[in-house]
*Asks:* 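To start, I am sharing the structure in question, which I have written as structure tokens.
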Amino acid sequence: GEDVEQSLFLSVREGDSSVINCTYTDSSSTYLYWYKQEPGAGLQLLTYIFSNMDMKQDQRLTVLLNKKDKHLSLRIADTQTGDSAIYFCAETQGTGANNLFFGTGTRLTVIP
Amino acid sequence: NAGVMQNPRHLVRRRGQEARLRCSPMKGHSHVYWYRQLPEEGLKFMVYLQKENIIDESGMPKERFSAEFPKEGPSILRIQQVVRGDSAAYFCASSPRRTSGNTGELFFGEGSRLTVL
């Protein structure tokens, strides 16, 4: 079955880089995603990466995918207090998936 | 240009009562997904529906929980005879198509937070 794992908490100082890690088990994942959940709100898609890519950069966000180790990471450069949120890694399950499977989320706290 | 609308945002029920959570998908979206987020846990898939059809309910508890998405009106997640363990945030998401084979972006509502006393 599928299993997506993340560490629960991460604290960084404002201006530093944050790196949030995720491991998954389904080797047939086609897309992997990062969602952001701000307090009291629903999830919003931050970025996604196709499984045949190693890296994707989008402004302050860099996604790295190590398909061999089934490891996904999200790097946030110059972290701001507004980046404080819960970040969820998610994957599609195989080629016939009709839903996403989420990790437990990493709560990022940015210290001013 | 409304997004996914969920109501109520907060619901308090006593043990044994019924809870009904509603979700109106984004305009033009015919696929609806319900997820449950227990305290300090991640989102867990519950059920995937298209108009008038349940496509995948593999994440739904076998008893007391049901979902529908009628031809007209919102999708409804119904929990009968609630227990304290049902206290959670219930998120609805919608998409214009099945998530397989494309970027799979789901559009989430703000969630309905159920508290069972």
Side-chain angles (χ1 to χ4, degrees), chain A residues 1-9 20-26 28-53 56 58 63 72 85-108, chain B residues 2-7 9-10 21 23-26 29-50 53-60 67 88-113:
Chain A
E2 69 294 327
D3 195 13
V4 181
E5 294 190 354
Q6 303 176 238
S7 54
L8 291 178
F9 302 100
I20 303 170
N21 295 302
C22 169
T23 58
Y24 60 97
T25 57
D26 189 350
S28 60
S29 296
T30 48
Y31 288 94
L32 297 113
Y33 309 83
W34 285 103
Y35 278 81
K36 178 183 180 182
Q37 182 186 22
E38 296 185 355
L43 280 72
Q44 288 187 306
L45 180 67
L46 265 186
T47 186
Y48 66 91
I49 188 167
F50 189 48
S51 58
N52 69 353
M53 298 170 63
K56 180 178 180 181
D58 183 2
V63 179
L72 182 75
I86 301 175
Y87 291 81
F88 289 92
C89 168
E91 56 146 356
T92 54
Q93 184 197 26
T95 57
N98 57 19
N99 50 68
L100 300 180
F101 289 87
F102 289 84
T104 54
T106 299
R107 183 181 296 273
L108 173 65
Chain B
V4 177
M5 304 299 292
Q6 289 188 248
N7 70 82
R9 294 288 307 278
H10 300 276
L21 309 177
C23 169
S24 296
M26 283 185 70
H29 287 192
S30 59
H31 299 253
V32 166
Y33 309 78
W34 285 94
Y35 287 82
R36 176 165 65 174
Q37 184 180 26
L38 294 170
E40 305 301 324
E41 293 189 16
L43 278 74
K44 300 291 185 187
F45 167 75
M46 298 182 76
V47 63
Y48 161 41
L49 310 105
Q50 273 187 281
N53 289 304
I54 296 174
I55 307 300
D56 181 352
E57 56 181 347
S58 58
M60 287 278 271
Y90 292 83
F91 287 97
C92 171
S94 72
S95 69
R97 62 188 71 82
R98 285 174 64 134
T99 56
S100 61
N102 61 13
T103 60
E105 180 175 0
L106 296 183
F107 295 81
F108 280 83
E110 294 183 345
S112 292
R113 282 159 178 80

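Letters A, B, ... are given to chains in the order of the sequence lines, protein chains preceding strands, and every chain is numbered from 1. Source: prediction; values computed, not measured.
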*Asks:* Determine whether the aromatic ring centres of A:F102 and B:F45 lie less than 6.0 Å apart.
*Replies:* no

*Asks:* Side chain to side chain contact (heavy atoms under 4.5 Å, CB included) with A:T104: which residues, sequence neighbours excluded?
*Replies:* A:Q6, A:L8

*Asks:* At a heavy-atom separation under 4.5 Å, does B:Q37 approach chain A through its side chain, its backbone, both, or neither?
*Replies:* side chain

*Asks:* State which residues pass side chain to side chain contact (heavy atoms under 4.5 Å, CB included) with A:Q44; sequence neighbours excluded, sorted by chain then number.
*Replies:* none

*Asks:* Report the distance from atom CG of B:L106 to atom OH of A:Y33, rounding to the nearest 0.5 Å.
*Replies:* 8.0 Å

*Asks:* What's the spacing between A:L45 CG and B:F107 CZ if we round to 0.5 Å?
*Replies:* 8.0 Å

*Asks:* Say you draw a straight line from CZ of A:F88 to CZ of B:F108; how long is it, rounded to the nearest 0.5 Å?
*Replies:* 9.0 Å

